[in-house]
Protein chains: 2
Amino acid sequence: MSQNGVGVDLETSLGYLLKEASSALRAAMEEVLRPLGMSVTHYSCLELLAQRPGLSNSELARGAFVTRQTMNVLLQALERDGYVTRPAEAPVGKVLPTRLTPRGRRSLEKATVAVRSVEVRMLAGMTETEQSDAFRILRSMIHSLRDGNDGA
Amino acid sequence: MSQNGVGVDLETSLGYLLKEASSALRAAMEEVLRPLGMSVTHYSCLELLAQRPGLSNSELARGAFVTRQTMNVLLQALERDGYVTRPAEAPVGKVLPTRLTPRGRRSLEKATVAVRSVEVRMLAGMTETEQSDAFRILRSMIHSLRDGNDGA
DNA sequence: TGACTCATGTCAGTATTCTGACATAGATTC
DNA sequence: GAATCTATGTCAGAATACTGACATGAGTCA
């Protein structure tokens with residue numbers, strides 16, 4: 001079907017491989033979250049709030065790797081459906097601290113179990129050493145990409 | 001601003017780190033492709049065609065990690081603007097082999113240089129060993145995620 | 001040959017995310 | 001204190017990608 005012998009260096013590109021891995025992860029997460037009626041961004045938002053209660057819209061956006069406008073529309077839907085609460089007025093500045101409701105916490109529980117199974121599956125074929133290597137290498141890539149190439 | 005001391009295990013999740021790395025890579029690529037008026041999917045399509053001339057719509061979609069419907073609208077735009085050509089009738093079956101035009105090839109050249117700089121930047125802080133480790137580990141993750149957990 | 005399955009190309013509508021823009025609150029600088 | 005800068009929340013429109021659906025061509029099997 002493909003692999004027709006041409007020296008395809010997409011197969012030797014770390015960027016392409018990273019995109020492939022990310023795509024596979026996203027697909028696997030969507031697959032297990034779909035039965036729960038939850039998208040990946042939806043889940044990310046709830047998980048962030050469970051681990052750091054009181055995060056603002058902008059902080060949630062950065063944590064979920066979307067724009068604050070995108071997170072805003074998601075939060076409005078989550079608030080309307082009773083998964084999170086935000087004060088009507090900001091305690092300080094314009095920042096509205098968001099918190100999970102009991103309903104949000106319950107909804108998250110099932111999702112966490114589902115997502116953890118994906119994480120476990122992803123780590124399945126890796127040794128302890130490979131896992132810590134993976135962390136170190138991914139962090140190195142992130143750092144290099146963020147701070148431009150004038151770091152040295 | 002954050003990091004308020006709560007034991008945040010998102011920081012210990014390989015899935016989260018993978019998403020973070022992928023997001024950083026995408027942002028870096030968009031940054032260098034924007035001046036050329038080219039999106040990441042747009043570039044991926046042209047690069048795939050340069051390395052494997054004659055790929056079909058569906059094959060390009062799989063290679064760029066989008067649906068074949070999404071790739072179809074992109075190909076129609078690229079064809080309209082003279083970057084690629086497809087025969088009016090399928091030589092065999094329904095498959096329409098796509099090829100770059102000279103204009104498409106020219107457009108790709110600049111983009112390739114730009115994207116290569118991102119790839120180089122990403123590999124900057126890594127040793128040879130770490131690079132080959134990165135390949136092996138990412139492939140392992142992809143394999144585990146794809147084939148379900150009943151591989152063993 | 002005929003029924004069935006599968007992959008493909010494509011149209012349409014929907015969903016999700018982004019960019020642009022604005023007003024406002026806190027921090028910084030003079 | 002006033003000006004400036006930065007960050008935030010939010011609205012609106014545009015871009016992008018997806019799901020659903022359909023017809024068609026090729027391979028498989030009886």
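Naming convention: chains lettered A, B, ... in sequence-line order (proteins, then strands); numbering from 1 in each chain.
- Non-hydrogen atoms lying under 4.0 Å from DNA chain C are contributed by Gln76(B), all within residues 75-85 of chain B.
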Result block: side-chain N/O donor-acceptor pairs under 3.5 angstrom for residues 27-35 of chain A, not counting sequence neighbours:
none

Restricting to nitrogen or oxygen on both sides, can you table the protein-nucleotides 1-3 of chain C pairs closer than 3.5 Å?
none

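- Taking atom CD of Glu89(A) as the reference point, atom C1' of dT24(C) lies 13 Å away to the nearest angstrom.
- Among the heavy atoms of the strands, none lies under 4.0 Å from Ser39(A).
- For the pair Arg86(A) CZ and dT8(D) C1', the interatomic distance rounds to 12 Å; values are reported in whole Å.
- As a whole-Å value, the separation of Glu59(B) CD from dA7(C) P is 13 Å.
- With rounding to whole Å, Leu96(B) atom CG is found 13 Å from dA26(D) atom P.
- To the nearest 0.5 angstrom, Tyr83(A) atom OH is 11.5 Å from Leu100(A) atom CG.
- One finds the CG atom of Leu55(B) at 9.5 Å from the CZ atom of Arg99(B) (value rounded to the nearest 0.5 Å).
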Name every donor-acceptor pair, under 3.5 Å, that has one atom in a side chain of residues 126-137 of chain A and the other anywhere in the protein, sequence neighbours excluded.
| unit_1 | atom_1 | unit_2 | atom_2 | d |
| --- | --- | --- | --- | --- |
| Thr127(A) | OG1 | Glu130(A) | N | 3.1 |
| Glu130(A) | OE1 | Thr127(A) | N | 2.9 |
| Glu130(A) | OE2 | Arg136(B) | NH1 | 2.3 |
| Ser132(A) | OG | Thr129(A) | O | 2.9 |
| Asp133(A) | OD1 | Arg136(A) | NH2 | 2.8 |
| Arg136(A) | NH1 | Glu130(B) | OE2 | 2.3 |

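- Contact annotation: Arg62(A) side-chain N/O to dA7(D) OP1/OP2 distance is not under 4.0 Å.
- Within the 4.5 Å cutoff, the side chain of Gln76(B) has heavy atoms near those of the Arg86(B) side chain.
- Interatomic distance, Leu96(B) CG to Asn57(B) CG, rounded to the nearest 0.5 Å: 8.5 Å.
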With a cut-off of 3.5 Å and sequence neighbours excluded, list every side-chain donor-acceptor pair involving residues 39-48 of chain A.
| unit_1 | atom_1 | unit_2 | atom_2 | d |
| --- | --- | --- | --- | --- |
| Ser39(A) | OG | His42(A) | N | 3.1 |
| Tyr43(A) | OH | Glu47(A) | OE1 | 2.8 |
| Ser44(A) | OG | Val40(A) | O | 2.9 |
| Ser44(A) | OG | Lys19(B) | NZ | 3.4 |
| Glu47(A) | OE1 | Thr112(A) | OG1 | 3.2 |
| Glu47(A) | OE2 | Gln51(A) | NE2 | 2.9 |

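- Leu74(B) comes within 4.0 angstrom of no nucleic acid atom, judged by non-hydrogen atoms across all strands.
- Map Val92(A) and Phe65(A) each onto its nearest nucleotide of DNA chain C; the residue landing nearer the 5' end is Phe65(A).
- Using a 4.0 Å cut-off, no side-chain N or O of Arg26(B) falls inside it from OP1 or OP2 of dT16(D).
- Listed for the Thr98(A) side chain is no donor-acceptor partner under 3.5 Å among the backbone atoms of Ser56(A).
- Nearest-nucleotide positions on DNA chain C for Ser56(B) and Val73(A) put Ser56(B) closer to the 5' end.
- Between Thr41(A) and dT17(C) there is a side-chain polar atom (N or O) within less than 4.0 angstrom of OP1 or OP2.
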Using the 3.5 Å cut-off, write out each protein N or O paired with an N or O of nucleotides 19-22 of chain C and the distance between them.
| unit_1 | atom_1 | unit_2 | atom_2 | d |
| --- | --- | --- | --- | --- |
| dG20(C) | O6 | Gln69(A) | NE2 | 3.0 |

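- Rounded to whole Å, the distance from CE on Met71(B) to C1' on dG9(C) is 14 Å.
- For Asn57(B), the side-chain atoms get nearest to dT10(C) when compared with the rest of dT24(D), dG9(D), dT10(C).
- To the nearest 0.5 angstrom, Ile142(A) atom CD1 is 7.5 Å from Arg139(A) atom CZ.
- In this structure, His42(B) places its NE2 atom 12 Å from P of dA17(D), rounding to the nearest Å.
- The nearest whole Å value for the distance from the CD atom in Glu31(A) to the P atom in dT19(D) is 12 Å.
- In terms of heavy atoms, Gly15(A) sits closest to Met122(B) at N-CE, 3.6 Å.
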Derivation of the side chain to side chain contact (heavy atoms under 4.5 Å, CB included) call for Leu18(A) and Leu18(B)
CA-CA 8 Å; Leu18(A) 178 57; Leu18(B) 177 56; 3.4 Å; yes
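- Arg62(B) places a side-chain heavy atom less than 4.5 Å from the side chain of Ser58(B).
- In this structure, Lys94(B) atom NZ and dT10(C) atom P are separated by 8 Å, rounded to whole Å.
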